[in-house]
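Source: prediction; values computed, not measured.
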Amino acid sequence: MNKDVQDLLDFIKAAPTPYHTVQAAAEKLAGAGFAELSLTEKWQLQSGGRYFVKVFDSTLLAFVVGQETGPLRLAAAHTDFPCFRLKPQAGMVKEGYGVLNVEKYGGMMLRTWLDRPLALAGKVALRGADPFQPEVRLVDFNRPLLTIPSLAIHMDREVNENGKLNAQKDMLPLASMGGEELKAEFFLEWLAGEMGVESSTILSYELSVYPYEEGSVCGLQEEFVSSPRLDNLTSVVACLEGIMTAESSCAGLRMAALFDNEEVGSRTKQGAGSLVLLQAIERIYLALGKAREDMLADIAGGFMLSVDVAHALHPNFADKCDPSHKPVMGGGVVLKQAASQSYAGDTEAVAIVRGLCEAHDIKWQHFVNRSDSRGGSTLGSIASALVPMRTMDIGVPMLAMHSAREVMHGEDQRSLNDLLKTFMG
């Protein structure tokens, strides 16, 4: 197993929710000499400084202030991933079984979540002395707690032909068995016991269900990576590798922006569709004593990499690919293009990224959607509309995107890391 893959799997294990993703990223950055800032305090910055700031705990911005005037280079990814989120009153009793009431977060492949050991992680808010300052705890109950059992084929003979699932009816995780004595408060009481508090002190929670099984390598040559949350922690790791490589002696400003809520549209206070990136850039320029005109000029001349996973050719469904653009796993970084601009990019952006790859022997390939199908989208076009700079969408090619467990090629992570390091240099 190469080091890039091991580092990726270690990070994924530490990041079962966007909150934990930001926590793990902050720890890596602090270890690399980055100082933490606060959104609610005045920033004191200096040339050559290395900084990061958390945004509502699930988004993170990191930057290196160059010692000389130079270009603005930004790499962006997202910290969230499709999953189940618990509803506020999650405990439900059905025929003596304790199940949890959940809702979908993002575009999920429901069937892939069946019959797996599942865990819980997220954030819990406890009653504090000041209603405006509840005590907030990050939690990860890192053990098998739940499962969503399939209905036996003997009771669903058409499951292989007509296997549609209803998210409200069919996907409620099984959590407990209590018979007639079980009450709907069973989950809140369990949560309070795990946290060592009274259930009356728990004011709210945001808890995600996640696959307990860890990522691994597979393939006859151990070439593949099979893991939850490859979308988009592959890109988060690459952005962190890039920004940590940026030298304090660089010219200009280097930034990594890790946004929450891409899977649900990005238009939140901590999403790429907010003003948080533009405000952060403005605060940097103000703290360095620069004029707003300087900032606007640098944004106009800047370059953003929007880093998110890409679709690889599936050997069993090759006809789903565009006939002349067939990216494969192991083929290197994918440059994603769409005339609709669902992927950000233009002629110069493609040329720049291709030129970087070819100058540094980094494998690359193209992806476009078939003309008769609608593909996905990511945060690049959204963020660059608010912070208008030239932008290119890139990512590693993968299979089973939005499954509970996805697949990629290990060498592609190395290629992506190398590109981000080169870009930030």
Are the side chain of Y105 and the backbone N or O of F81 linked by a donor-acceptor pair below 3.5 Å?
no
Test side chain to side chain contact (heavy atoms under 4.5 Å, CB included) applied to S381 - qualifying residues, sequence neighbours left out
Q341, A344
Using atom types as modelled, flag every donor-acceptor pair under 3.5 Å from a side chain in residues 214-225 to any protein atom, sequence neighbours excluded.
{"from": "E214", "atom 1": "OE2", "to": "K13", "atom 2": "NZ", "distance (Å)": "3.2"}
{"from": "S216", "atom 1": "OG", "to": "R405", "atom 2": "NH2", "distance (Å)": "3.4"}
{"from": "E223", "atom 1": "OE1", "to": "Q221", "atom 2": "N", "distance (Å)": "2.8"}

Do R354 side-chain atoms and A349 backbone N/O form a donor-acceptor pair below 3.5 Å?
no
Non-hydrogen side-chain atoms of F259 and V55 separated by less than 4.5 Å:
no
Cationic tip of R73 above F303 ring, under 6.0 Å, 45° of axis
no
Output a table of donor-acceptor pairs, distance under 3.5 Å, between side-chain atoms of residues 275-284 and any protein atom two or more places apart or on a different chain; print 'none' if there are none.
{"from": "E282", "atom 1": "OE2", "to": "R292", "atom 2": "NE", "distance (Å)": "3.4"}
{"from": "R283", "atom 1": "NH1", "to": "L39", "atom 2": "O", "distance (Å)": "2.7"}
{"from": "R283", "atom 1": "NH2", "to": "E41", "atom 2": "O", "distance (Å)": "2.6"}

Closest non-hydrogen atom pair between Y205 and V124, with its separation
CB-CG2, 4.1 Å
Would you say the side-chain atoms of T268 pair up with the backbone N or O of G271, donor to acceptor, closer than 3.5 Å?
yes
Heavy-atom side-chain proximity of M392 to V350 below 4.5 angstrom:
yes
Does the side chain of N232 pick up a donor-acceptor pair with the side chain of E262 at under 3.5 Å?
no
Is there a side-chain contact between V53 and E36, using heavy atoms and a 4.5 Å cut-off?
no
With H360 via side chain to side chain contact (heavy atoms under 4.5 Å, CB included) - residues at least two apart:
L356, I362, T422
Can you give me the closest heavy-atom contact between M304 and A76, atom names plus distance?
SD-CB, 4.5 Å
Roughly how far, to the nearest 0.5 Å, is CE of M92 from CG of L100?
9.5 Å
Can you tell me if T59 uses its side chain to pair, donor with acceptor, with the backbone of Q270 under 3.5 Å?
yes
Establish, yes or no, whether a centroid distance under 6.0 Å links the rings of Y51 and F63.
yes
Check for me whether K269 meets the cation-pi criterion with F56, that is, NZ or CZ under 6.0 Å from the six-membered ring centre and within 45 degrees of the ring axis.
yes
Any luck finding a side-chain donor-acceptor pair between D4 and N417 under 3.5 Å?
yes
Non-hydrogen side-chain atoms of V197 and R137 separated by less than 4.5 Å:
yes
For the CD atom of E185 and the OG atom of S199, what is their distance to the nearest 0.5 Å?
8.5 Å
Got T245 and M424 here, is their nearest side-chain heavy-atom distance under 4.5 Å?
no
Distance col, row M401:CE vs M408:CE, nearest 0.5 angstrom, shows 11.5 Å
Please check if any side-chain donor atom of D393 sits under 3.5 Å from a side-chain acceptor atom of S306, or the reverse.
yes
Is it the case that N142 and Y212 place a side-chain donor and acceptor less than 3.5 Å from each other?
no
Show which side-chain atoms of residues 160-173 pair as donor or acceptor with protein atoms under 3.5 Å away, not counting sequence neighbours.
{"from": "N166", "atom 1": "OD1", "to": "Q168", "atom 2": "N", "distance (Å)": "2.9"}
{"from": "N166", "atom 1": "OD1", "to": "K169", "atom 2": "N", "distance (Å)": "2.9"}
{"from": "Q168", "atom 1": "OE1", "to": "K87", "atom 2": "NZ", "distance (Å)": "2.8"}
{"from": "Q168", "atom 1": "NE2", "to": "N101", "atom 2": "OD1", "distance (Å)": "3.0"}
{"from": "D170", "atom 1": "OD2", "to": "N166", "atom 2": "N", "distance (Å)": "2.7"}

Using modelled atom types and a 3.5 Å cut-off, is there a donor and acceptor pairing between side-chain atoms of R254 and backbone atoms of P71?
yes
Is a side-chain N or O of T147 found less than 3.5 angstrom from the main chain of P149, in a donor-acceptor match?
no
Measure the OG-CG distance between S235 and L240 for me, rounded to the nearest 0.5 Å.
11.0 Å
Please examine the side chains of L37 and F52, heavy atoms only from C-beta on, and report whether any two atoms are closer than 4.5 Å.
no
Walk me through it: do D57 and V22 pass the test side-chain contact (heavy atoms from CB on, under 4.5 Å)?
CA-CA 7 Å; D57 295 331; V22 166; 5.8 Å; no
Is the side chain of T378 donor-acceptor paired with the backbone N or O of G380 at a distance under 3.5 Å, no angle test?
no
Here the salt bridge (charged side-chain N to carboxylate O under 4.0 Å, His left out) pairs for residues 93-120, sequence neighbours left out, are R116-E213
Would a 4.5 Å heavy-atom cut-off, applied to side chains only, mark Q365 and V328 as touching?
yes
Any salt bridge between R390 and E348, counting N to O under 4.0 Å?
yes
What heavy-atom pair brings A62 and L29 nearest, and what distance separates the two atoms?
CB-CD1, 3.8 Å
Is K3 salt-bridged to D7, going by a charged N under 4.0 Å from an acidic O?
yes
Around R370, counting heavy atoms of other residues, nucleotides and ligands shown, do more than 12 lie under 6.0 Å from its CZ?
yes
Can you list the residues that meet the salt bridge (Lys or Arg N to Asp or Glu O under 4.0 Å) rule with R143, with sequence neighbours excluded?
E194
Please check if the side chain of T391 supplies one atom and the backbone of S384 the other of a donor-acceptor pair under 3.5 Å.
no
Taking OH in Y97 as the centre, count heavy atoms belonging to other residues, nucleotides or ligands within less than 6.0 Å. Is the count above 12?
no
Is the shortest side-chain heavy-atom distance between I202 and L188 below 4.5 Å?
yes
Does the pair Q6 and N2 meet the rule for a side chain to side chain donor-acceptor pair (under 3.5 Å), with working shown?
CA-CA 6 Å; Q6 186 62 65; N2 70 53; over 6 Å; no
Might you confirm whether atom CE of M177 has over 12 heavy atoms from other residues, nucleotides or ligands at distances under 6.0 Å?
yes
If you measure only the distance, is there a donor-acceptor pair under 3.5 Å linking the side chains of H78 and D260?
no
Which residues satisfy the side chain to side chain contact (heavy atoms under 4.5 Å, CB included) test with E206, sequence neighbours excluded?
Y19, R85
Residue pairs passing the ring-ring contact (aromatic ring centres under 6.0 Å, His included) test where at least one lies in residues 158-180, sequence neighbours excluded:
none
Among all residues two or more places apart in sequence or in another chain, which pass the ring-ring contact (aromatic ring centres under 6.0 Å, His included) test with W364?
H366
Are the side chain of R229 and the backbone N or O of D80 linked by a donor-acceptor pair below 3.5 Å?
no
ring-ring contact (aromatic ring centres under 6.0 Å, His included) pairs touching residues 112-133, sequence neighbours excluded, are F84-W113
Nearest 0.5 Å, please: how far is CD1 in I12 from OG1 in T234?
7.5 Å
For A14, give me all partners under side chain to side chain contact (heavy atoms under 4.5 Å, CB included), at least two apart in sequence or on another chain.
A24
For the CG atom of D140 and the OH atom of Y210, what is their distance to the nearest 0.5 Å?
3.5 Å
Output yes when a side-chain donor or acceptor of E406 lies under 3.5 Å from a complementary backbone atom of L230, and no otherwise.
yes
